[in-house]
Amino acid sequence: MSMEYEEQLAGSLVDSFPKDFGYGVENMDMMQENLENSPSADNKPRILLMGLRRSGKSSIQKVVFHKMSPNETLFLESTNKIYKDDISGSSFVNFHIWDFPGQVDFFDPTFDYEMIFRGTGALIFVIDAQDDYVEALGRLHLTVSRAFRVNPEINFEVFIHKVDGLSDDHKIETQRDIHQRANDDLADASLEKLHLSFYLTSIYDHSIFEAFSKVVQKLIPQLPTLENLLNIFISNSGIEKAFLFDVVSKIYIATDSSPVDMQSYELCCDMIDVVIDVSCIYGLKDDGNGNAYDKESLAIIKLNNTTVLYLKEVTKFLALVCILREESFERKGLIDYNFHCFRKAIHEVFKVSSSTQRTGAAVQSSPPSSSGNGLARLKSTALNGTPRSLV
């Protein structure tokens, strides 16, 4: 490999992703007037990242959405302004993330917190599990109680963060204690209808991606339809588990109804990394142009325990990653035919548009056509691939 080509290749990669293989530019200067005057502030759902100083909010955002190495987050400066991040690189997942500095009192009279909470889809409160969390629990209660009174539709998520330094028993005990105290505070304030979801997270493993996946899924109104499509696909194809991934962030926007095994999810995430890494080296044209992930993207990885990982492109930003046995993979023709029907159904459920303008929802949709739709075709495919009548 020539030195010129190595320099060209190195210049196109950022932590194994091309520079343009991401979610767009981050707006680093955003103060209160930006919040009030931003024309797109109410057009997309917002996810708020809140918590005390040094709890790991900015590190989470950088690792999940900007492919920063976890070790590099050690050098991040403490957030002293409100950062707005427009996650609009995907046609399917489309929202803002607002990172709030821990030292700022956003309930100050000069701060319009009603405007902030009114258009919020999810509020993530990050608690440092390695620190004394009494103060954090007090701030959590104050934050969610005010937000709930302004917008009862907000999904309230609690990330019990930095658990990588705790033993398994300590993790469970910490989660139980935080869960008990937080809900007791809500009960004392007669806020029993306010529901908190708790997750153990760390940027040094895949737990933060899985937690964010569950947060994002709650903002996708078509989630039941996606799960149904995946259930039909795997049941007719002999597949054990399937994930619909957003390739850039490794967030899975949907999976089938069977329980998610953390090890399986990690395998699928690692497969996406391998596919992109190899594609960045061998999948580009001689002049360095092209995309590392496109409609031709496909990968098969056979493990030494008779398990097969199978990845196929669904849309420009989505990939279907399946886990199945070698004997099931022998019917690859059947799987590929069912995948074709599944892919067509996905495109009918979602209106995939190149326009960057989105209004009012995390995902834009269009109703499936009444005839010839992919869902009906998928349902009418028997296990051996022959058509059958709908029940």
Side-chain angles (χ1 to χ4, degrees), residues 15-17 21 60 63-65 67-71 90 92-93 163-164 168 171 199-217 226-227 229-231 233-283 292-293 296-315 317-332 335-336 338-339 342-343 346:
D15 285 332
S16 80
F17 282 82
F21 196 78
I60 291 173
V63 168
V64 175
F65 296 106
K67 317 318 301 176
M68 179 177 284
S69 168
N71 293 327
S90 171
F92 282 65
V93 181
V163 297
D164 49 278
D168 290 341
K171 289 179 186 178
Y199 308 89
L200 293 172
T201 61
S202 170
I203 59 173
Y204 291 97
D205 57 31
H206 292 84
S207 59
I208 189 62
F209 294 96
E210 185 180 20
F212 238 107
S213 297
K214 293 178 180 178
V215 171
V216 169
Q217 287 170 21
L226 294 177
E227 290 181 349
L229 283 171
L230 286 166
N231 286 333
F233 172 69
I234 68 170
S235 64
N236 284 284
S237 306
I239 292 172
E240 295 185 355
K241 188 67 181 172
F243 295 92
L244 192 60
F245 271 97
D246 179 76
V247 178
V248 177
S249 63
K250 291 185 292 188
I251 286 175
Y252 67 93
I253 68 167
T255 185
D256 58 87
S257 56
S258 63
V260 175
D261 175 53
M262 191 64 177
Q263 186 177 11
S264 299
Y265 174 66
E266 291 175 357
L267 278 173
C268 295
C269 288
D270 292 340
M271 183 183 192
I272 291 175
D273 285 336
V274 170
V275 170
I276 299 302
D277 286 346
V278 174
S279 297
C280 286
I281 298 174
Y282 300 106
Y293 182 77
E296 302 297 328
S297 294
L298 179 150
I300 302 168
I301 297 179
K302 295 185 178 181
L303 306 181
N304 58 8
N305 61 352
T306 72
T307 299
V308 176
L309 303 179
Y310 190 36
L311 179 148
K312 293 201 72 170
E313 182 262 3
V314 177
T315 74
F317 299 101
L318 293 180
L320 180 70
V321 184
C322 305
I323 301 174
L324 65 159
R325 295 294 175 186
E326 284 187 0
E327 54 267 25
S328 299
F329 193 68
E330 292 175 358
R331 298 174 295 180
K332 184 174 178 295
I335 295 173
D336 288 343
N338 286 343
F339 171 79
F342 170 81
R343 188 174 184 271
I346 290 290

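FYI, the numbering just counts along the sequence from 1.
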With distance as the sole test, does [X] use its side chain to make a donor-acceptor pair with the main-chain N or O of [Y] at under 3.5 Å?
{"X": "N236", "Y": "N338", "result": "no"}
{"X": "S237", "Y": "I335", "result": "no"}
{"X": "N231", "Y": "S257", "result": "yes"}

Can you check whether [X] reaches [Y] side chain to side chain, under 4.5 Å on heavy atoms?
{"X": "D336", "Y": "K312", "result": "yes"}
{"X": "Q217", "Y": "L226", "result": "no"}
{"X": "D270", "Y": "H206", "result": "yes"}
{"X": "L267", "Y": "V321", "result": "no"}
{"X": "Y252", "Y": "C269", "result": "no"}
{"X": "E210", "Y": "E266", "result": "no"}
{"X": "I203", "Y": "I60", "result": "yes"}
{"X": "V216", "Y": "D246", "result": "no"}

Handout entry: Partners meeting side chain to side chain donor-acceptor pair (under 3.5 Å) with D168 (sequence neighbours left out)
Key =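 Partners of D168 under the side chain to side chain donor-acceptor pair (under 3.5 Å) test: none.
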Handout entry: Counterpart residues, side chain to side chain donor-acceptor pair (under 3.5 Å), relative to S279 (two or more places apart)
Key =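 S279 satisfies side chain to side chain donor-acceptor pair (under 3.5 Å) with no residue once adjacent residues are dropped.
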Practice task
Run the numbers on Y310 and L320 for side-chain contact (heavy atoms from CB on, under 4.5 Å), then give the verdict.
Solution key: CA-CA 8 Å; Y310 190 36; L320 180 70; over 6 Å; no
Exercise for the section: Kindly state whether the ring of F65 and the ring of F212 have centres lying under 6.0 angstrom apart. Expected result: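 Ring centres of F212 and F65 closer than 6.0 Å.
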From [X] [atom1] over to [Y] [atom2], what is the distance, rounded to the nearest 0.5 angstrom?
{"X": "R331", "Y": "L324", "atom1": "CZ", "atom2": "CG", "answer": "9.5 Å"}
{"X": "L309", "Y": "I272", "atom1": "CG", "atom2": "CD1", "answer": "10.5 Å"}
{"X": "I276", "Y": "I281", "atom1": "CD1", "atom2": "CD1", "answer": "12.0 Å"}

Practice task
Sort out for me which residue in F329, F233, F243 forms a side-chain contact (heavy atoms from CB on, under 4.5 Å) with C322.
Solution key: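 The residue from F329, F233, F243 that satisfies side-chain contact (heavy atoms from CB on, under 4.5 Å) with C322 turns out to be F233.
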Problem - K302: partners by salt bridge (Lys or Arg N to Asp or Glu O under 4.0 Å), with sequence neighbours left out - result: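 Listed in chain order: nothing, the list is empty.
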Give me the atom names and distance for the closest heavy-atom approach of [X] to [Y].
{"X": "F339", "Y": "E313", "result": "CZ-O, 3.2 Å"}
{"X": "I251", "Y": "F209", "result": "CG1-O, 4.4 Å"}
{"X": "S207", "Y": "L200", "result": "CB-O, 3.6 Å"}
{"X": "I300", "Y": "M271", "result": "N-CE, 4.2 Å"}
{"X": "I346", "Y": "L244", "result": "CD1-CD2, 4.2 Å"}
{"X": "E326", "Y": "V308", "result": "CG-CG2, 3.6 Å"}

Practice task
Evaluate whether atom CD of E327 has more than 12 neighbouring non-hydrogen atoms of other residues, nucleotides or ligands under 6.0 angstrom away.
Solution key: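 More than 12 heavy atoms, drawn from other residues, nucleotides or ligands, come within 6.0 Å of this atom.
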Practice task
Sequence neighbours left out, what pairs pass salt bridge (Lys or Arg N to Asp or Glu O under 4.0 Å) with at least one residue falling in residues 235-245?
Solution key: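 Pairs touching residues 235-245 that pass the test: E240-R325, K241-D256.
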Exercise for the section: Could you tell me which residues satisfy ring pair (Phe, Tyr, Trp, His ring centres under 6.0 Å) with Y199, sequence neighbours excluded, listed by chain and number? Expected result: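 So Y199 forms a ring pair (Phe, Tyr, Trp, His ring centres under 6.0 Å) with F159.
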Problem - Residues which pass side chain to side chain contact (heavy atoms under 4.5 Å, CB included) with S264, listed by chain and number, not counting sequence neighbours - result: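 Partners of S264 by the side chain to side chain contact (heavy atoms under 4.5 Å, CB included) criterion, ordered by chain and then number, come out as D261, I323.
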